[in-house]
Structures are given as C-alpha cells and as structure tokens.
2 protein chains.
Amino acid sequence: MSEAQTLAEKVFSELATAIVRGELAPGEKLSEQALVTRYGGSRAPIREAIQKLEARNLVVRVPHAGARVVSLSLEELRDIYEVRLELESMACRLAAERMSDADISALEKLLEEHARSIEADQGLSYYQKSGNLDFHYRIIEGSKNSRLHQMLCGDLYHIIRMYRYRTSTSSERPLQALKEHQRIVEAIKSRDPQLAELLMRRHIQVSLTNLETRLAHEARH
Amino acid sequence: MSEAQTLAEKVFSELATAIVRGELAPGEKLSEQALVTRYGGSRAPIREAIQKLEARNLVVRVPHAGARVVSLSLEELRDIYEVRLELESMACRLAAERMSDADISALEKLLEEHARSIEADQGLSYYQKSGNLDFHYRIIEGSKNSRLHQMLCGDLYHIIRMYRYRTSTSSERPLQALKEHQRIVEAIKSRDPQLAELLMRRHIQVSLTNLETRLAHEARH
DNA sequence: TTATTTAGGATTGTCGACAATCTATGTCTG
DNA sequence: CAGACATAGATTGTCGACAATCCTAAATAA
C-alpha cells in the first residue's frame, strides 16, 4: 500500500489504515469538510476516497446524509467469518493442487522462521505478521485464483483485521496455530487437496468459535 | 434497480445495464466527456457513477488514463466461475439449515410454475428469469447470510450475466435443469445440508464445464 | 409537558473552469 | 528505415462556488 499516484488514493490509503487501526471508531461520521481541513486538497478527491472506502465496505454512505465508518452487527460479523471460512478452505484446496514446488519450499522456510520467532519472544509476535509474510496470504496466493485473492485480500481482509484485535488469543494459541500451519503445509506438499482443505477449515473454525463465544458474551452487556 | 435518489446513481444504473446487455463492448473506453453529452449533467456525477462501476468490477480504471469496460481473460472468467461454484454450493447448504418451512413451500411453488412455463414454450424462457423470480436467487436468500448474498448478487452476478449469453444452452438443458432444481429442493425440504450442497455443486459444475469447453474452443481462434 | 411545525444552519450533490498528465502524431537522428 | 524525442491535442485530476437536501433546534399548539 504505497504508490499513491493521486491525492484521492493517498487520502484513501490513510483513511483505510486509520479505520483498520481503530483510530476512527465504528459508526463515526466522516465529514467531508473536516477531512478537507485535515488532509488538505479540496472536496473532490476526498469524496473519491470516501467512495473507494465504500467500495471496500469500510464505510457506509447514504445519499444526502454522508458517510460513516462501518459498524457491524454481531450477525454481519458472523456472516463475514462464515464466508471467509469457506473461501480460505477453498483456497487451501486449490493451493494443494496448483502451488509450485518452489512455492511450497518457500512456505516451509516461512514456517521455520515463524518457529524461531516464537522461540524468541514467546509467540507474542506470530499473529502480527501481515502482507506477504502472512501464512494465510501465501496460501491464498497459492490458489492461483485472482478473484479469490481479490475477495479475501481486498474486501474481507481489512474488515477482519479491523475486528481481530478483539479476539485476544490465549497465550498458548500461537504455538498451537503454528503446529496447525505445519500440518497444512504437509498436506499441501503431499498434494492432498481434500486433507489440506479439511485442516484449514478446522484451523479457521477455531477463530470462528472463539469469535462466537466472545460475541455471545458481549451480547449480555 | 429503480430508486435513483441522485443523478450519479441514475447514470450508474443505466451504464450497468448497458454493460451487462453488451451494448458497451468489453474493453470499450468510457470517456467522461462523451458520457456527459449523452446522459447530461456535469462530470462530477459521471465520475462518481464510473467509480461505482469500478467497485462492482464492471469497469477498470487506471489513473490519468480513464476507464474501460472490463474485459476478462479466459483465466479470470474461469476464476470467477470457480468462486461462484463454491459460494453457491455453500449457500445451498446453509439454505437447507436455515430456510423456513414457508420459504421452502414458496420455492416449491416457484418450481411448479417453472414446469408449466416449460410446458408452454418448450423451455425457451426458463433461463431468462431474473431477480426475485430466479431459483438461484431464492437459494442465496435462503442462506440468511447477508455478506454471501452481497457477494453473489452484487459483485459476481452482473459479471456472470454479462458473459452468460455466450453459453448457449442446448435445447434439452432447461428441462434437465428443472429436474436438478427439483432434487435440490427435495434435499432442502428434508433438511439434508450435505446432499443439498452436493447437488447444487454438480448443477453448477455443468455450467462450468460448458464454459470451459467453450473457452477452449474459442482459444483456438 | 409533549408533539408538531418551521425556520435556520450545516452538509451533501452538482456545476463549470483550471492544472496536471497521458496519448498520438510528426520530426529528427543514427 | 527504425527508433528516440518533442510538440500538440485531448483527457483526467483538482479546485472553488452554487444549488438541493437533510438535521437541528427553537417556537407554537394541543
């Protein structure tokens, strides 16, 4: 997320990261005038940036009423995770069929690096990897399906990251996650699409159940 | 697709249908000036409409170079169908779990109506249903997953329709499709998610293989 | 007091013009 | 003759202002 060929893209990029990081609270209104005074420029590029945010489902815009940071209901969040579960499982199946041997060995090296990282700082940083370093990202790329990549990394990725900080992972979770990742890579290496899909499905299902119990807990307040 | 509260939405709606119907050829350039003289208004709402089209993947926009109607490669089209296959199968599984009895009986009535329609005009019109009358649309709604509905009906639906006219269905296909639809509803009625998903997967897979053979045939030219 | 109405202010949608960038054509040079 | 370069034209990005719409809050009536 670097090349900002136009002012609108630059504003979009900054706003997107601000929303994902929680600096702009869900439901908060995005006033065009306020954004102009903050980011400079005129209203035209700001409006364009807002519309790009709407395209990625990060803000909701209603005609003549303005734009607000998206605020997901519990049901909508569950819906998103449900779709992500299905699509990433699919990606893992396709990866087992289509990843090159070079891709797979590179993935193995990544996991070895992750293992050392966990050794070093007790697994605190394992979940903080992002972008090209992320295990899930590599799997999605390995599916060799551009639209699948676009949906998972473009549309769903930001929203999931936006709400991920809530799901505080237990302290043993990183090590367990690494083990699950290793088994998934084994399945991919042995070119077993069904097993790879199953393992990924179970792996993500843990996050989903974690989320659901947390949501059920929050719903009581 | 009716309520156009703003000029930008109106232009967007008209352009979208024009693209889906093929009145604007894939790869054709969308000049802002030309659209202004055709649809009236100024460049601001036209630019907004174009950006909305980009959000739905109907046009591709590159900075300082303008917007063009999306022109999918064979691989990209295959990727889209692959994703659709997975998501609609998922929707069918969820529908078997979550549709109300009233929804299911309404679906049965729809199929009876389709059967009469095929009797009347030899099945020519069966594939031309759209919107709320469409069988697949009902299944997707039955999944009770708003994000899934949004992805299938909002993002993928238009593009698939855009290329559907190429896949000329053989004359016996409508009757066969109706039978498959009936079996899917049977599975849903008996609350068998796995079977419902399997039947839907096979049902769509026919379209996918039809498409692939057609694409392989076209690739020789 | 509560509900309805009605100005007022603020915000968004739209417009026309200007600046920045790209594309195409033609020229020049090797 | 091929290819790099430069200029001209057209197109897109941005700007500031005006019009249309909505939200708020004060004022009025029940």
Side-chain angles (χ1 to χ4, degrees), chain A residues 1-19 23-71 73 154, chain B residues 1-19 23-71 73 154:
Chain A
M1 313 197 190
S2 49
E3 1 79 51
Q5 297 212 2
T6 175
L7 179 55
E9 291 183 8
K10 186 180 172 187
V11 174
F12 161 75
S13 183
E14 293 197 26
L15 278 178
T17 59
I19 291 175
E23 297 167 16
L24 279 68
E28 189 171 338
K29 176 154 191 204
L30 292 180
S31 164
E32 297 180 357
Q33 197 61 36
L35 294 177
V36 163
T37 60
R38 175 169 180 180
Y39 291 96
S42 103
R43 276 180 55 215
I46 268 71
R47 279 178 66 84
E48 195 154 329
I50 289 179
Q51 205 171 343
K52 277 188 116 169
L53 292 172
E54 185 192 23
R56 294 215 184 178
N57 293 306
L58 286 177
V59 310
V60 175
R61 224 167 59 116
V62 334
H64 302 286
R68 293 184 172 280
V69 177
V70 67
S71 176
S73 68
Chain B
M1 315 195 187
S2 48
E3 2 79 50
Q5 297 213 1
T6 174
L7 179 55
E9 291 183 8
K10 186 180 171 187
V11 174
F12 161 75
S13 182
E14 292 197 26
L15 278 177
T17 59
I19 291 176
E23 298 167 14
L24 277 70
E28 188 171 340
K29 177 156 191 205
L30 293 182
S31 164
E32 298 180 357
Q33 198 61 37
L35 295 178
V36 164
T37 59
R38 174 168 180 181
Y39 291 96
S42 104
R43 274 181 56 215
I46 267 72
R47 278 179 66 83
E48 195 154 330
I50 289 179
Q51 205 170 344
K52 277 188 115 169
L53 291 172
E54 185 192 25
R56 294 216 184 175
N57 293 306
L58 285 176
V59 311
V60 175
R61 221 167 59 116
V62 330
H64 302 286
R68 293 184 173 279
V69 177
V70 66
S71 176
S73 69

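Letters A, B, ... are given to chains in the order of the sequence lines, protein chains preceding strands, and every chain is numbered from 1. Keep in mind the model is a prediction, meaning the values are calculated, not measured.
Atoms CD and CG, on Glu54(A) and Leu30(A) in that order, are 11.5 Å from each other to the nearest 0.5 Å. Rounding to the nearest 0.5 angstrom, the gap separating the CZ atom in Phe12(B) from the OG1 atom in Thr17(B) is 9.5 Å. From Gln33(B), atom CD reaches atom CD1 of Ile46(B) across 9.5 Å, with rounding to the nearest 0.5 Å.
Between Val11(B) and Leu35(B), every side-chain heavy-atom pair lies at or beyond the 4.5 Å cut-off.
Around the CZ atom of Arg61(A), the shell of radius 6.0 Å holds more than 12 heavy atoms that belong to other residues, nucleotides or ligands.
The distance between atom CD of Gln33(A) and atom P of dG9(C), rounded to the nearest whole Å, is 17 Å. When the P atom of dA10(D) is taken as reference, atom NZ of Lys29(B) falls 13 Å away, rounded to whole Å.
Across all strands shown, Leu30(A) has heavy atoms under 4.0 Å from sugar-phosphate atoms exclusively, and none from any base.
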Check: protein-nucleotides 13-20 of chain C nitrogen or oxygen pairs below 3.5 Å:
unit_1: dG13(C); atom_1: OP1; unit_2: His64(A); atom_2: N; d: 3.4
unit_1: dG13(C); atom_1: OP2; unit_2: Arg47(A); atom_2: NH1; d: 2.4
unit_1: dG13(C); atom_1: OP2; unit_2: Arg47(A); atom_2: NH2; d: 3.0
unit_1: dG13(C); atom_1: O3'; unit_2: Thr6(B); atom_2: OG1; d: 2.9
unit_1: dG13(C); atom_1: N7; unit_2: Arg43(A); atom_2: NH2; d: 2.8
unit_1: dG13(C); atom_1: O6; unit_2: Arg43(A); atom_2: NH1; d: 2.9
unit_1: dT14(C); atom_1: OP1; unit_2: Thr6(B); atom_2: OG1; d: 2.6
unit_1: dT14(C); atom_1: OP1; unit_2: Leu7(B); atom_2: N; d: 2.6
unit_1: dT14(C); atom_1: OP2; unit_2: Thr6(B); atom_2: OG1; d: 3.1
unit_1: dC15(C); atom_1: OP2; unit_2: Ser42(B); atom_2: N; d: 2.6

